Enquirer: 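I have a structure here, written as structure tokens, and I will follow up with some questions on it.
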Amino acid sequence: MTVDAADWLVCFVPGLTRQWWHRFVHPRHKHVFAMRPTGTGSWLLVEPWWTRMMVTILPPADAVRFLRWGATGDILRVREAVPGTASQIRGWSNCAVLSAFLLGRSSSVWTPHGLYRQLLREQSTCHVDVHELLVDQFTKVVSQYSSNALCVGADQLSLPLPELLVIIGRNLLETMMTPPLLEVCYTAILEADRFPAATRAYVQHGPKRAIAVLTKILERSRQNGELGLADCEAGARQFVAMLHGNIHLEAILQLRDIPTLSEIDLRARAAVATFLDGVAPLKLKPIPRTTSTDALLEMWLCFIEEANSGQ
């Protein structure tokens with residue numbers, strides 16, 4: 001079995017809790033840990049502790065917290081060595097020694113700063129900017145899900161508009177309710193102030209991309225006379241908002257369970273029916289006269305006459 005080498009983000013950070021040995025090490029490089037994205041929005045974290053080696057999968061929101069910690073020091077992108085040249089005969093296995101072993105590096109350093117200088121001498125090693133990193137990760141993850149949701153075949157494009165919108169609406173809802181994408185959306189909202197470029201990347205490759213595809217479909221239907229819609233982009237935004245409703249926000253905040261496929265199908269069909277009922281070509285119909293209508297009209301005329309006579 002062979003394993004392809006991966007890139008790790010090696011974070012050299014200040015300590016969170018003051019320790020007695022901190023006075024003997026670099027002020028910004030008191031601890032080191034490594035992490036890398038999995039490709040689905042989550043992150044793999046390997047952090048050496050005093051009492052254990054923590055290996056866990058982090059959701060995007062928690063991963064960003066570790067990256068913010070890493071930004072207070074230095075983050076290096078390092079290619080791991082496979083199978084590696086490290087040795088288990090090192091004695092005291094502190095965070096620097098264990099991180100070097102994880103990367104497959106033959107090293108004699110004992111401090112995080114020593115490992116930092118060793119890795120920095122390698123030509124393939126480079127510094128990482130957290131803002132650019134998050135933009136890149138959000139773009140990759142959201143684009144992947146959006147492409148799958150908005151992939152419409154030529155045979156589907158020839159379907160009647162209601163059926164086509166149901167297919168797209170169902171695909172969008174299923175994608176929006178995918179746990180990894182819900183976590184990315186939650187992170188984009190949570191970190192909008194600190195990392196606005198990453199939030200814009202989420203919007204650009206997620207909601208805006210869906211609106212652009214729907215706008216083209218609605219424009220084609222308007223040209224065919226199927227819709228009485230003045231602004232197709234505004235109509236696309238309204239349709240996406242109808243799909244979202246409050247169900248998407250509740251799922252992000254974990255206030256409800258993720259809807260089943262049958263629930264998603266019913267919601268998509270209801271949204272399409274309501275949307276098309278509002279944007280169909282306008283046909284004016286006379287308001288039927290009823291007893292209540294006549295009574296209200298008579299009361300209103302009496303009121304006007306009394307007002308005029310008072311003058």
Side-chain angles (χ1 to χ4, degrees), residues 4 6-11 13 33-47 56-79 126-152 168-169 171-215 233 236-237 240-241 243-255 258:
D4 295 332
D7 286 339
W8 287 88
L9 302 179
V10 187
C11 304
V13 296
F33 61 90
M35 56 192 303
R36 62 183 176 90
T38 62
T40 59
S42 59
W43 291 70
L44 174 62
L45 172 72
V46 178
E47 184 181 11
T56 187
I57 298 294
L58 296 177
D62 291 338
V64 171
R65 294 188 181 96
F66 275 88
L67 290 173
R68 290 208 313 263
W69 184 19
T72 62
D74 290 283
I75 303 178
L76 299 181
R77 186 186 300 274
V78 181
R79 191 76 167 177
C126 61
H127 279 92
V128 172
D129 180 85
V130 174
H131 292 78
E132 296 178 358
L133 173 68
L134 290 179
V135 169
D136 180 64
Q137 291 302 313
F138 277 28
T139 299
K140 286 181 179 178
V141 174
V142 178
S143 295
Q144 175 185 352
Y145 282 100
S146 296
S147 298
N148 294 335
L150 297 171
C151 182
V152 180
I168 295 178
N171 291 344
L172 285 175
L173 278 172
E174 289 182 16
T175 302
M176 287 188 293
M177 296 302 168
T178 304
L181 201 57
L182 287 173
E183 293 172 353
V184 171
C185 181
Y186 173 75
T187 306
I189 297 171
L190 191 66
E191 301 294 341
D193 289 339
R194 299 185 185 92
F195 305 105
T199 302
R200 287 194 296 269
Y202 168 82
V203 174
Q204 183 67 36
H205 297 278
K208 283 190 175 181
R209 189 173 180 181
I211 290 170
V213 171
L214 286 167
T215 299
E233 183 178 350
R237 292 180 182 276
V240 172
L243 288 173
H244 276 219
N246 62 341
I247 190 173
H248 187 232
L249 179 60
E250 290 177 352
I252 291 175
L253 299 178
Q254 298 181 358
L255 299 177
I258 296 176

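On a predicted model such as this, the values are computed, not experimentally measured, just so you know. We're numbering straight along the sequence, starting at 1.
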Enquirer: Would you please test F195 and F138 for ring pair (Phe, Tyr, Trp, His ring centres under 6.0 Å) and show each step?
Expert: CA-CA 11 Å; F195 305 105; F138 277 28; 8.9 Å; no

Enquirer: Where do L214 and A236 come nearest, in terms of heavy atoms and distance?
Expert: CB-CB, 3.7 Å

Enquirer: Could I get the full list of salt bridge (charged side-chain N to carboxylate O under 4.0 Å, His left out) partners for R36, not counting sequence neighbours?
Expert: none

Enquirer: For a 4.5 angstrom cut-off between non-hydrogen side-chain atoms, does P179 reach I258?
Expert: yes

Enquirer: Give the minimum heavy-atom separation between G169 and L243, together with the two atoms involved.
Expert: CA-CD1, 3.8 Å

Enquirer: Does the side chain of E183 come within less than 4.5 Å of I252's, by heavy atoms?
Expert: no

Enquirer: When you look at V240 and I211, which way does the side-chain contact (heavy atoms from CB on, under 4.5 Å) test go after all the steps?
Expert: CA-CA 7 Å; V240 172; I211 290 170; 4.1 Å; yes

Enquirer: If you look at every heavy atom in T187 and P60, which pair is closest and at what distance?
Expert: OG1-CB, 3.2 Å

Enquirer: Under a 4.5 Å cut-off applied to non-hydrogen side-chain atoms, are V184 and V142 in contact?
Expert: yes

Enquirer: Who are the salt bridge (charged side-chain N to carboxylate O under 4.0 Å, His left out) partners of E132, not counting sequence neighbours?
Expert: none

Enquirer: With sequence neighbours excluded, tell me which residues meet salt bridge (charged side-chain N to carboxylate O under 4.0 Å, His left out) with R68.
Expert: E191

Enquirer: Consider side chain to side chain contact (heavy atoms under 4.5 Å, CB included). Of L9, V64, V135, I75, which one does V130 pass it with?
Expert: I75

Enquirer: Pair up each side-chain donor or acceptor in residues 39-46 with any protein partner under 3.5 Å, not counting sequence neighbours, and list the distances.
Expert:
residue : atom : partner : partner atom : Å
T40     : OG1  : T38     : OG1          : 3.1
T40     : OG1  : S42     : OG           : 3.4
S42     : OG   : T38     : OG1          : 2.8

Enquirer: Is there a side-chain contact between V78 and D7 in this structure, where contact means two heavy atoms from C-beta onward sitting under 4.5 Å apart?
Expert: no

Enquirer: Scan residues 203-213 for pairs that pass side chain to side chain donor-acceptor pair (under 3.5 Å), counting only residues two or more places apart or in two chains.
Expert: S143-H205, S147-R209

Enquirer: Closest approach of E233 and T215, non-hydrogen atoms and distance?
Expert: CA-OG1, 3.4 Å

Enquirer: Side chains of M35 and L67, heavy atoms from C-beta outward: is any pair under 4.5 Å?
Expert: yes

Enquirer: How far apart are the closest heavy atoms of M176 and H244, and which atoms are they?
Expert: SD-NE2, 2.7 Å

Enquirer: Can you find a pair of side-chain heavy atoms, one from I189 and one from T199, that are under 4.5 Å apart?
Expert: no

Enquirer: Sequence neighbours left out, what passes salt bridge (charged side-chain N to carboxylate O under 4.0 Å, His left out) with D62? Give chain and number order.
Expert: R65

Enquirer: Who pairs with E47 by side chain to side chain donor-acceptor pair (under 3.5 Å), at least two apart in sequence or on another chain?
Expert: H31, W49

Enquirer: Does D74 have any side chain to side chain donor-acceptor pair (under 3.5 Å) partners at least two apart in sequence or in another chain, and if so, which?
Expert: H29

Enquirer: Assess the residue pair H248 and M177 against the criterion (side-chain contact (heavy atoms from CB on, under 4.5 Å)); give the C-alpha distance rounded to whole Å, side-chain angles, the decisive distance to 0.1 Å, and a yes or no.
Expert: CA-CA 7 Å; H248 187 232; M177 296 302 168; 4.1 Å; yes

Enquirer: Counting C-beta onward and ignoring hydrogens, is there a side-chain heavy-atom pair between E174 and T178 closer than 4.5 Å?
Expert: no

Enquirer: My understanding is that only residues two or more places apart in sequence, or in another chain, count here; which of them pass ring pair (Phe, Tyr, Trp, His ring centres under 6.0 Å) with Y202?
Expert: none

Enquirer: List the residues meeting side chain to side chain contact (heavy atoms under 4.5 Å, CB included) with D136, not counting sequence neighbours, and say none if there are none.
Expert: K140

Enquirer: Could you tell me which residues satisfy side chain to side chain donor-acceptor pair (under 3.5 Å) with R77, sequence neighbours excluded, listed by chain and number?
Expert: none

Enquirer: Would you please name every residue forming a ring pair (Phe, Tyr, Trp, His ring centres under 6.0 Å) with Y186, sequence neighbours left out?
Expert: none

